[in-house]
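Working notes, structure below.
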Amino acid sequence: DLEVEPAAEPWPENATLYQPLKEDQILLSDHASSLAVQAYLRMCGLPVQVLCRVNSEFMSPSGKIPFIHVGNQVVSELGPIVQFTKAKGHSLSDGLDDVQRAEMKAYMELVNNMLLTAELYIQWCDDATAAEISRPRYSSPYSWPLSKILAYQKQWEVRRKMNAIGWGGKTLQQVYEDVSQCCQALSQRLGMQPYFFNKQPTELDALVFGHLFTILTTRLTSSELAERVKSYSNLLSFCRRIEQTYFEDKSS
């Protein structure tokens, strides 16, 4: 009673990924999520064209960034996109056994619960970052007063979520500590291997790369977040390796 792997369906030429405007609108957390999806699709060898749209958050079926448009289907966020490509016969984690798969899932949850939450917290709950970076960038495509309304609405929404998961009372220092702990766990799991599960990347590698690379390359009011990541040299070389392997122009 073996599971038959689906034969890989051809991937359409015109697959597109939507995200907010790169230069002046997109925020760290959305950028990280978008980069994770791009890394995943590149690791699968599935080409996608990236389109930046002012209203991409409102175009997304789940209200989450990024989303892909493939054929006549629209799928948002890494988890569902992984399932979607798997159903089409493209997967990175087929080689894992059940134990490894459970472990991979646990680490992906760790990244989403710690890094993504920390990014959202810093963007919207740290007053300096919210005032200097998040509100102006988030509202940049819109004219006043809509710009102000949308930015404050977003900030209120994120702060409400933080309270609901018990992060509302955290200090910035505690959030940085959480990030360090998460990076330490990832660094230990990675060790000296090229990828988390040895020789081949999985969706975990794409997710970790999306977040760490974005943290390392995004200017915030303080460099503390990037400094926390930088203290793990194997995570730095991991980011560099994926950038070189999957994002740098091969033809040159």
Side-chain angles (χ1 to χ4, degrees), residues 27-44 77-79 82 91-93 95-123 125-126 129 162 165-167 170-248:
L27 295 178
L28 170 65
S29 56
D30 285 342
H31 204 174
S33 301
S34 181
L35 188 61
V37 169
Q38 290 175 53
Y40 171 74
L41 292 171
R42 287 180 179 221
M43 288 166 176
C44 288
E77 298 181 273
L78 182 62
V82 168
S91 168
L92 295 177
S93 49
L96 303 185
D97 60 36
D98 290 348
V99 176
Q100 291 173 318
R101 200 161 283 159
E103 194 185 354
M104 177 182 80
K105 258 203 165 109
Y107 277 97
M108 289 180 81
E109 270 173 36
L110 177 74
V111 172
N112 286 324
N113 292 341
M114 298 288 249
L115 290 187
L116 180 58
T117 312
E119 290 160 6
L120 286 166
Y121 177 98
I122 290 165
Q123 280 164 196
C125 301
D126 173 47
T129 309
M162 292 297 152
I165 61 170
W167 279 53
K170 285 196 181 193
T171 64
L172 199 51
Q173 256 348 87
Q174 287 172 316
V175 171
Y176 289 138
E177 267 318 296
D178 285 343
V179 169
S180 288
Q181 281 185 352
C182 180
C183 287
Q184 188 177 0
L186 291 170
S187 171
Q188 281 176 336
R189 178 64 187 83
L190 183 64
M192 299 312 292
Q193 309 177 105
Y195 300 108
F196 283 97
F197 291 92
N198 224 344
K199 303 277 188 288
Q200 295 300 321
T202 61
E203 47 266 41
L204 173 62
D205 297 279
L207 181 66
V208 173
F209 169 76
H211 284 279
L212 296 187
F213 188 84
T214 306
I215 287 172
L216 291 166
T217 53
T218 303
R219 208 177 54 79
L220 293 170
T221 49
S222 145
S223 62
E224 180 73 27
L225 188 60
E227 293 305 323
R228 295 296 176 125
V229 176
K230 281 180 187 161
S231 45
Y232 299 95
S233 58
N234 65 338
L235 294 181
L236 287 180
S237 16
F238 167 84
C239 287
R240 189 76 196 105
R241 185 180 310 118
I242 289 185
E243 186 194 15
Q244 284 172 333
T245 310
Y246 296 101
F247 287 87
E248 286 180 358

The complete set of ring-ring contact (aromatic ring centres under 6.0 Å, His included) pairs with one or both residues in residues 176-201, sequence neighbours excluded, reads Phe196-Phe238
d(Lys105 NZ, Leu96 CG) to nearest 0.5 Å is 11.5 Å
| request: For residues Phe209 and Pro201, determine if any side-chain heavy atom of one lies less than 4.5 Å from a side-chain heavy atom of the other. | output: no
When rounded to the nearest 0.5 Å, the distance separating CG of Leu225 from OH of Tyr121 is 12.5 Å
One should read off an interatomic distance between Met162 CE and Ile165 CD1, to the nearest 0.5 angstrom, of 5.0 Å
Glu77 meets the side chain to side chain contact (heavy atoms under 4.5 Å, CB included) criterion, sequence neighbours left out, with Ser62, Lys64, Pro80
Minimal heavy-atom distance between Ala185 and Tyr107, with the atoms involved, is O-CE2, 3.9 Å
Minimal heavy-atom distance between Arg241 and Gln193, with the atoms involved, is NH1-O, 4.0 Å
Got a donor-acceptor contact below 3.5 angstrom from the Gln123 side chain to the Leu28 backbone? yes
Could you tabulate the donor-acceptor pairs under 3.5 Å formed by side-chain atoms of residues 30-37, not counting sequence neighbours?
from	atom 1	to	atom 2	distance (Å)
Ser33	OG	Ser29	O	3.0
Ser34	OG	Gln19	OE1	2.4
Ser34	OG	Gln38	NE2	3.3

Handout entry: Polar side-chain atom of Asn234 near backbone of Met192 as donor-acceptor pair, under 3.5 Å
Key = no
Walk me through whether Arg42 and Thr245 qualify under side-chain contact (heavy atoms from CB on, under 4.5 Å).
CA-CA 10 Å; Arg42 287 180 179 221; Thr245 310; over 6 Å; no
**OP:** Look at the side chain of Gln174 and the backbone N and O of Thr171, then say whether any donor-acceptor pair between them is shorter than 3.5 Å.
**Re:** yes
For Ser93 and Arg101, the nearest pair of non-hydrogen atoms, with its separation, is O-NH2, 2.8 Å
The reported gap from CD in Glu224 to OG in Ser180 (rounded to nearest 0.5 angstrom) is 7.5 Å
Take atom CG of Asp97 as the centre, draw a 6.0 Å sphere, and report whether it contains more than 12 heavy atoms from other residues, nucleotides or ligands.
yes
Test item: Asp205 side-chain N/O and Thr202 main-chain N/O as donor-acceptor pair under 3.5 Å: yes
Q: Give the intermediate values and the outcome of side-chain contact (heavy atoms from CB on, under 4.5 Å) for residues Gln100 and Met104.
A: CA-CA 6 Å; Gln100 291 173 318; Met104 177 182 80; over 6 Å; no
Decide yes or no on side-chain contact (heavy atoms from CB on, under 4.5 Å) for Asn112 and Leu78, but give the supporting numbers first.
CA-CA 11 Å; Asn112 286 324; Leu78 182 62; over 6 Å; no
Contacts of Glu177 meeting side chain to side chain contact (heavy atoms under 4.5 Å, CB included) (sequence neighbours excluded), chain-then-number -> Arg228
Here the gap from Asp126 atom CG to Leu220 atom CG, rounded to the nearest 0.5 Å, amounts to 9.0 Å
Problem set entry | Worked check of side-chain contact (heavy atoms from CB on, under 4.5 Å) between Val175 and Trp167 | CA-CA 9 Å; Val175 171; Trp167 279 53; 3.9 Å; yes
Tell me whether the count of non-hydrogen atoms from other residues, nucleotides or ligands lying under 6.0 Å of CD in Glu103 goes above 12. yes
Taking the side chain as every heavy atom from C-beta outward, state whether Leu115 and Leu212 have any atom pair closer than 4.5 Å. yes
Practice task
Examine distances only and state if a side-chain atom of Thr129 and a backbone atom of Cys125 form a donor-acceptor pair shorter than 3.5 Å.
Solution key: no
Q) If we only count heavy atoms from C-beta on, is the Val111 to Leu116 side-chain gap below 4.5 Å? A) no
Residue set satisfying salt bridge (charged side-chain N to carboxylate O under 4.0 Å, His left out) with Arg240, at least two apart, ordered chain then number -> Glu243, Glu248
Taken in chain and number order and not counting sequence neighbours, the residues that satisfy salt bridge (charged side-chain N to carboxylate O under 4.0 Å, His left out) with Asp178 are Lys170
OG of Ser222 to CD of Glu227, rounded to nearest 0.5 Å, is 8.5 Å
Q) Does the Thr218 side chain pair with the main chain of Thr214, one donor and one acceptor, at a distance under 3.5 Å? A) yes
